Amino acid sequence: MPILFHVEKEPLIVLSDFSFTYQNSKDSALSNISLTICPGEVIGIMGAGGAGKSTFAYALSGLIPDFIPGNYQGIVRIDNRDPMTAPPRNVAETVGLVFQDFESQLFSSSCELEIAFAMENRGISRTLMQEQIYRILHQIGLPGYEIRAPSSLSGGQKQRLVIGAVLALSPEILCLDEPVTDLDPVGKEEIFSLIASIRRNGNDHQSDNKPVTSIIIEHETEEMTAVDRLILLENGRIVANGAVQDVMQDISLFRRLGIMPLPVIEYFHDLSLCLSRVPLTISDAISLYHENHLTLDTTRYQEIIRQEKNRSQTYGPEIISLKNVHFGYEEKPVLHDISLTIRSRECIALIGPNGCGKTTLSRQFTGLLHPDTGEVTIAGLNTRSHSIHELSRHIGYVFQNPDHQIFSETVFDEVAYGVRLHGFSSSEVTLRVSEALAAVGLSGHESADPFSLPKGDRQRVAVASVLALRPDIIVMDEPTTGLDYRDQVRMMELIRELNQKGHTIIIITHAMWVVARYVHRVIVLKDGQILADDNPRSIFSNEEILAKAAIKPPQITAFSSRLGYPMLSVQEMVSVTFQEEGA
């Protein structure tokens, strides 16, 4: 439900006919933006990649034009002050910004120093700082992490820490650019609950205790049902601005913009039903389902289940084996007695709460890490007795952030690097690079600078560099993070195609709709142990497992499970739904 709250009518933020063009760019990133935001509002901003969402955040935070050069026209006012001309210190005291690339904001050697940095610059007393550090770490779900190095945290934990560091500034406006991309489903809910709490109560140590105005840029449609007002951007222009129900009911607009529609709204839309109201929650959807006399065809449903069971017959022999694996960083245990086998041609997801050991486990598969005790074999090779160079012929690893993996000056050289390292001839290198780029849809980009490509394409370059070695197994850490919905689907369709061509696929993800729609088997981790290992439908309908592992199933799956038949996608549920005769 929206975070309902009385807001003052006098606007805090005003943009009037504001446009901005980046230096050396011909096209405007923002065009003729006129908008007012009142104190205490929670505003959601959505749009495809390149729509101007981050640029909007930069304009509010005063980064334009001094830190991010370009030309602007029009007016931006924050509490009647111009952030374009105000001293950066003054703007930072009013507007707290969490970047999309949140890791770029971390630089301290411990979590407490990260949070203390802004307060130290303000001359806050040590006693008050210690109180605030303690409070903020509890607020963001990182109690006891005072001396932990930020570099040792999981992606989701780093994201929480950055939010905490921004909260230490006690900003009047909190601007969050994709603040929950690396959080587990329950963690996402907690961040939105935190935003609601801050908005109601202000920051505890503010003397005036003003409600905080929040601007949230997100691709996660389900999370955005919590905002007061939703704004959609396309090519730098506002194309929708209104109440959540009013904006989200336009499924055609969402599809045209490449934004994932809210599943329960999309379900009723695809049934071509005229509804008395717009559903945002599962309870709304249940009521409308019964009001419209809908029912599910159990025969069709059982056929779907039968096809799923037959899929295991297409798998090959065992290709990965872990036996009684234990592992820890220095004196901190992470994995506890992990035993599992994976067959060739499986498509598997590792899921679980932030910090449960997913990435650590995946690096055991690749030989990047070795178990303290126990045994890992890949394609019959023990990872202890074979080098990463040898193992890379059988298994490839795509990092969560492609920029941590890419380093060459051209796409061709990037994809060719591993092949050349293995001593193949120049003709074989050219052949393999050509095949790999064709597989990821980047043929013709050989001479391009990989760092100049959009993130979705950089991710594809990283995948191509792995594919060029023709490994049997591909491990991908958060392959959809930071991508808009259209690019997420493109990436996952590529992964599905690779799996259908015979590759064993292992992905780490917090995107439960990805797990439901694309994965065959789910391994759930909790506190470094395997909590469950089953197919997505069984996992998402097991309330005990969901609760223990802090997993929130996709909205359409939770909705259909309430009806007794868990579905994995809107399309699947529509295919088995019919209206009772006489309705």
Side-chain angles (χ1 to χ4, degrees), residues 312 314-329 334-352 356-400 404-405 415 417-424 432 435-436 439 462-479 494-496 498-509 519-525 528-530 533:
S312 63
T314 65
Y315 302 148
E318 176 186 298
I319 196 167
I320 296 177
S321 172
L322 282 77
K323 296 179 180 178
N324 307 115
V325 168
H326 292 258
F327 177 81
Y329 295 103
V334 177
L335 300 178
H336 308 275
D337 198 26
I338 300 286
S339 294
L340 64 88
T341 59
I342 296 173
R343 294 166 62 186
S344 66
R345 295 194 291 277
E346 284 196 85
C347 185
I348 295 173
L350 302 180
I351 68 173
C356 70
K358 300 183 296 294
T359 296
T360 300
L361 177 59
S362 71
R363 291 179 179 179
Q364 296 285 334
F365 296 155
T366 60
L368 292 172
L369 297 174
H370 294 145
D372 296 332
T373 61
E375 183 178 90
V376 179
T377 58
I378 306 297
L381 304 178
N382 190 303
T383 58
R384 283 186 179 280
S385 52
H386 292 81
S387 67
I388 293 175
H389 182 77
E390 292 174 287
L391 294 172
S392 65
R393 288 177 178 261
H394 302 280
I395 187 165
Y397 191 95
V398 180
F399 286 82
Q400 179 176 343
H404 293 171
Q405 195 160 353
V415 178
Y417 181 80
V419 187
R420 287 169 173 160
L421 209 60
H422 279 272
F424 289 100
R432 290 190 177 215
E435 286 179 351
V463 173
S465 67
V466 168
L467 286 179
L469 288 171
R470 297 175 182 168
D472 301 312
I473 310 158
I474 301 174
V475 181
M476 299 187 183
D477 193 350
E478 296 282 3
L494 169 61
I495 290 172
R496 172 183 278 166
L498 293 173
N499 180 237
Q500 290 172 345
K501 288 180 177 179
H503 293 279
T504 303
I505 302 292
I506 302 168
I507 67 169
I508 301 167
T509 186
V519 167
H520 308 160
R521 175 183 170 193
V522 183
I523 297 172
V524 184
L525 295 178
Q529 296 178 304
I530 294 177
D533 184 350

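We're numbering straight along the sequence, starting at 1. Quick caveat, the model's predicted, so the values are computed rather than measured.
- Taking 4.5 Å as the limit, every side-chain heavy atom of Glu478 sits out of range of all side-chain heavy atoms of Thr359.
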Self-check item: Test log, rule side chain to side chain contact (heavy atoms under 4.5 Å, CB included), inputs Asp337 and His326
Solution: CA-CA 5 Å; Asp337 198 26; His326 292 258; 3.6 Å; yes

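- Going from atom OG of Ser362 over to atom CE of Met476 covers 12.5 Å, rounded to the nearest 0.5 Å.
- Judged purely by atom type and a 3.5 angstrom limit, Gln405 uses its side chain to pair as donor or acceptor with the backbone of Tyr397.
- Of the possible polar contacts, none joining the Glu318 side chain to the Thr341 backbone as a donor-acceptor pair under 3.5 Å is found.
- With a 4.5 Å cut-off on side-chain heavy atoms, Leu361 and Leu322 count as touching.
- Between Asn499 and Arg345, the shortest heavy-atom distance links the atoms ND2-O, 3.1 Å.
- Distance alone, capped at 3.5 Å, places no donor-acceptor pair between the Arg521 side chain and the Ile348 backbone.
- With hydrogens and angles disregarded, no donor-acceptor distance shorter than 3.5 Å links the side chain of Asn324 to the backbone of Ile338.
- Shown here for Val466 and Pro471, the closest heavy-atom pair between the two residues is O-CD, 3.2 Å.
- Between the OG1 atom in Thr383 and the CG atom in Leu368 there is a gap of 10.0 Å [rounded to 0.5 Å].
- Lys358 places a side-chain N or O within donor-acceptor distance of the main-chain N or O of Gly352, the cut-off being under 3.5 Å.
- The side-chain contact (heavy atoms from CB on, under 4.5 Å) check on Arg384 picks up His370, Pro371, Asn382, with sequence neighbours excluded.
- Ring pair His520/Tyr315 is parallel by interplanar angle, where below 30° counts as parallel and above 60° as perpendicular.
- Shown here for Ile351 and Val522, the closest heavy-atom pair between the two residues is CD1-CG1, 3.5 Å.
- Here Ile530 contributes atom CD1 and Ser339 contributes atom OG; the two are 7.5 Å apart, rounded to the nearest 0.5 Å.
- Checked options Ile507, Ile508, Ile474; the residue passing with Pro479 is Ile507 (criterion: side-chain contact (heavy atoms from CB on, under 4.5 Å)).
- Counting only distance, with no hydrogens or angles, the side chain of Arg343 and the backbone of Gly316 share a donor-acceptor pair below 3.5 Å.
- Going from atom CD1 of Ile342 over to atom OG of Ser321 covers 9.5 Å, rounded to the nearest 0.5 Å.
- Screening Thr366, Ile319, Ile395 for a side-chain contact (heavy atoms from CB on, under 4.5 Å) involving Ile378 leaves a single residue, Ile395.
- From Ser344, atom OG reaches atom CG of Asp472 across 8.0 Å, with rounding to the nearest 0.5 Å.
- Residues Leu469 and His422 come closest through the heavy atom pair CD2-CD2, 3.4 Å.
- The NE2 atom of His386 sits 8.0 Å away from atom NE2 of His394, with the distance rounded to the nearest 0.5 Å.
- Not counting sequence neighbours, the partners of Phe327 by the ring-ring contact (aromatic ring centres under 6.0 Å, His included) test are Tyr329.
- Closest non-hydrogen pair, Leu467 versus Ala436, comes out as CB-CB, 4.1 Å.
- Side chain of Ser387 to main chain of Glu390: a donor-acceptor pair is present (N/O by atom type, distance under 3.5 Å, no hydrogens or angles).
- Neither side chain, Tyr417 nor Ser465, offers a donor N or O lying under 3.5 Å from an acceptor on the other.
- Put simply, the side chain of Ile473 does not reach to within 4.5 Å of the side chain of Phe365, judged on heavy atoms.
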